Number of protein chains: 2
Amino acid sequence: MSDSLGKVAKLPTIRRLPVYLHLLRGLQGGGTERVSSTYIAEQLKLDAVQVRKDLSSTGIVGKPRVGFEVTGLIDAIESFLGWNNTTEAILIGVGNLGSALLGYAGFMRHNLSVVAAFDADPQKAGTEIAGKPVFPMEKLANLVHRLHIRICILTVPAQQAQGVVNLLLAAGITAIWNFTPVALHVPAGVIVQNEDLAGGLAVLSRRVRDAETAHPPRADESAEGGDDAHH
Amino acid sequence: MSDSLGKVAKLPTIRRLPVYLHLLRGLQGGGTERVSSTYIAEQLKLDAVQVRKDLSSTGIVGKPRVGFEVTGLIDAIESFLGWNNTTEAILIGVGNLGSALLGYAGFMRHNLSVVAAFDADPQKAGTEIAGKPVFPMEKLANLVHRLHIRICILTVPAQQAQGVVNLLLAAGITAIWNFTPVALHVPAGVIVQNEDLAGGLAVLSRRVRDAETAHPPRADESAEGGDDAHH
DNA sequence: TAGATTGTTAATCGATTAACAATC
DNA sequence: TAGATTGTTAATCGATTAACAATC
């Protein structure tokens, strides 16, 4: 039963699928009809075997000697991710990041549609951001029930994260895309997907620091570094 | 030499460090002086051994029976990530996401300071967003050189990504935090850190889809799904 | 001392990479 | 057919988890 809509795919594979999708859409726009795993691997700096394995987990099969049909691949990936039919979501916390995500065109291309936003600040209620209405928190439960919303994008300040999540759970939300740095407490069966910008920044910072240790910056800049980093 | 500022740490470990940091800062704010790996593991839903291994890669040592000093841990993690002295960066592409990141307070807490933004749209030049000046692309090379900037946050449309990266490379940028879905082409030695929102959304989408397959939604909503997902 | 906690070494698990058979 | 490409099975690599010794 769990295989009826595609094989089981590993998390790293799923993360790579949107990258394939982006490349394939470009090819499709340019009129290309078939593509080989070798070509995809070159373009994305991946291993060709990995590409084939990733693609095969969506259920698609290629033709030896020929490659894959671009359109078929796009359909397979979209279908595998559930991106072929629109899912509605709400967003909570209309600060900098929340406002940006409201206007982020990428979501619609991925068929996630944010239908409403909420904020604890009563000043924000009644306004619109990127064409999306902002409501006070009191309206949350009612709207979620009425529209059968299951997904919430969480962009509130860290201190309020768990409190808001409790409201979401009470309202019937079953999946949370969590942009806060908080480990949310939810009952079994509720999906929490942590989107950790700080984690990415940490990796970047460390790589920059490693590179500087290997090749120290020019002497005319020495005032900036080299002070207390040694423990 | 490569060990002088901490042991080598795996990428997953580095990604987790900011999560520890957030918890520890909360503890510090509450006046807690010491903490055990067991407690941290409970709070963050991690394995205690993993917590100890992660922490030990920053160079810190705990005391058996006692635990770790909160302040010492914070210092060790910040120092390990290079977050104890401010690094200056620029941002290119002041759209929705770019604007949000300009105002994203999280960066300052992590000691990355965005000093200027750039945009190809001449209408945006001369304005300020979140207190940060927006310049036309022509000023890029000059400012990067003058301020010895090495890090760039890239939030331009996908089509323009590689072209802008070429400008960045010419200007002397050596590290790019890439928010576009494009596999950037850079020479060896230049750091590219891909921050892939679509990847996170893909994982969320797939998990939601899996959950729905296991426990289908109520019958009164059947119009929404179950159409063409079967291959 | 006894007991709790750290830190390390070994075992397991999962993902990537390599080798190769299948096929158009 | 010959050759290129797919897809799978085995081997390697890396990260997590488990077992246990060290220590305050």
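In what follows, chains carry the letters A, B, and so on, assigned in the order in which the sequence lines appear, proteins first and then strands, with residues in each chain numbered from 1. Note: hydrogens, waters and symmetry copies are ignored here, and every other heavy atom, side chains too, is used. Since this is a predicted model, take the numbers as computed values, not measurements.
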**OP:** Take the protein atom NZ of B:Lys63 and the nucleotide atom C1' of D:dC24, then report the distance between them rounded to whole Å.
**Re:** 9 Å

Subject >> Pair assignment for C:dA10, Watson-Crick or G-U wobble, requiring both distances under 3.5 Å >> reply: D:dT17

Original post:
Quick check: does any side chain N or O of B:Thr32 sit under 3.5 Å from a backbone N or O of B:Gln28, one acting as donor and the other as acceptor?
Top reply: no

Original post:
Nearest to the side chain of B:Ser36, which nucleotide is it out of C:dT5, D:dG7, D:dT17?
Top reply: C:dT5

Original post:
Of all the nucleotides listed (D:dT6, C:dG7, C:dA18), which has the minimum atom distance to the side chain of A:Pro64?
Top reply: D:dT6

Original post:
Nearest-Å distance, CZ (A:Arg34) to C1' (C:dC24)?
Top reply: 13 Å

Original post:
Counting only distance, no hydrogens or angles, is the base of D:dT6 paired donor-acceptor with the side chain of A:Lys53 under 3.5 Å?
Top reply: no

**OP:** For A:Ile40 and D:dG7, give me the distance from atom CD1 to atom P, rounded to whole Å.
**Re:** 11 Å

**OP:** Test side-chain hydrogen bond (donor to acceptor under 3.5 Å, both in side chains) on A:Gln162 and A:Asn166 and set out the steps.
**Re:** CA-CA 6 Å; A:Gln162 185 61 55; A:Asn166 296 342; 3.0 Å; yes

Original post:
To the nearest Å, how far apart are A:Ile14 CD1 and C:dG14 P?
Top reply: 15 Å

Original post:
What's the CZ-P distance between A:Arg15 and C:dT16, to the nearest Å?
Top reply: 12 Å

**OP:** Rounded off to whole Å, could you give me the CG-to-C1' distance for the B:Leu46 and D:dA18 pair?
**Re:** 17 Å

**OP:** Using atom CD of A:Glu69 as one end and atom P of D:dT6 as the other, report the distance to the nearest whole Å.
**Re:** 13 Å

Subject >> Short side-chain to backbone donor-acceptor contact, B:Thr155 and B:Gly93, under 3.5 Å >> reply: yes

Original post:
Just to confirm, is there a sub-4.0 Å distance from OP1 or OP2 of D:dT16 to any side-chain nitrogen or oxygen of B:Lys10?
Top reply: yes

Original post:
For B:Ser37, which contact category applies under a 4.0 Å heavy-atom criterion: base, sugar-phosphate, or nothing?
Top reply: sugar-phosphate

**OP:** Kindly say whether A:Leu184 contributes a backbone atom to a donor-acceptor pair with the side chain of B:Lys45 at under 3.5 angstrom?
**Re:** yes

Subject >> A:Val66 or A:Val49, whichever maps to the more 5' nucleotide of DNA chain D >> reply: A:Val66

**OP:** Looking only at side-chain atoms of B:Gln50, point me to the closest of D:dA19, C:dT16, D:dT16.
**Re:** D:dT16

Original post:
Using 30° and 60° as the class limits, which term best fits the ring planes of A:Phe107 and A:Trp177: parallel, tilted or perpendicular?
Top reply: tilted

Original post:
Closer than 4.0 Å, any side-chain N/O of A:Arg65 to the OP1 or OP2 of C:dT23?
Top reply: no

Original post:
Can you check whether A:Arg52 has a side-chain N or O nearer than 4.0 Å to OP1 or OP2 of D:dT6?
Top reply: yes

Original post:
Toward the 5' end of DNA chain C, which comes first, B:Val35 or A:Thr13, by nearest nucleotide?
Top reply: B:Val35

**OP:** Select one nucleotide: of D:dT17, C:dA19, D:dT16, the one nearest the side-chain heavy atoms of B:Asp47.
**Re:** D:dT17

Original post:
For B:Val182, does its backbone N or O pair with a side-chain atom of B:Asn178 as donor and acceptor, under 3.5 Å?
Top reply: yes

Subject >> Complementary nucleotide of C:dT23, counting Watson-Crick and G-U pairs under 3.5 Å >> reply: D:dA4

Original post:
Expressed in angstrom and rounded to an integer, what is the separation of A:Leu55 atom CG from D:dT5 atom P?
Top reply: 15 Å

Original post:
For D:dA15, does either OP1 or OP2 sit under 4.0 Å from a side-chain N or O belonging to B:Arg16?
Top reply: no

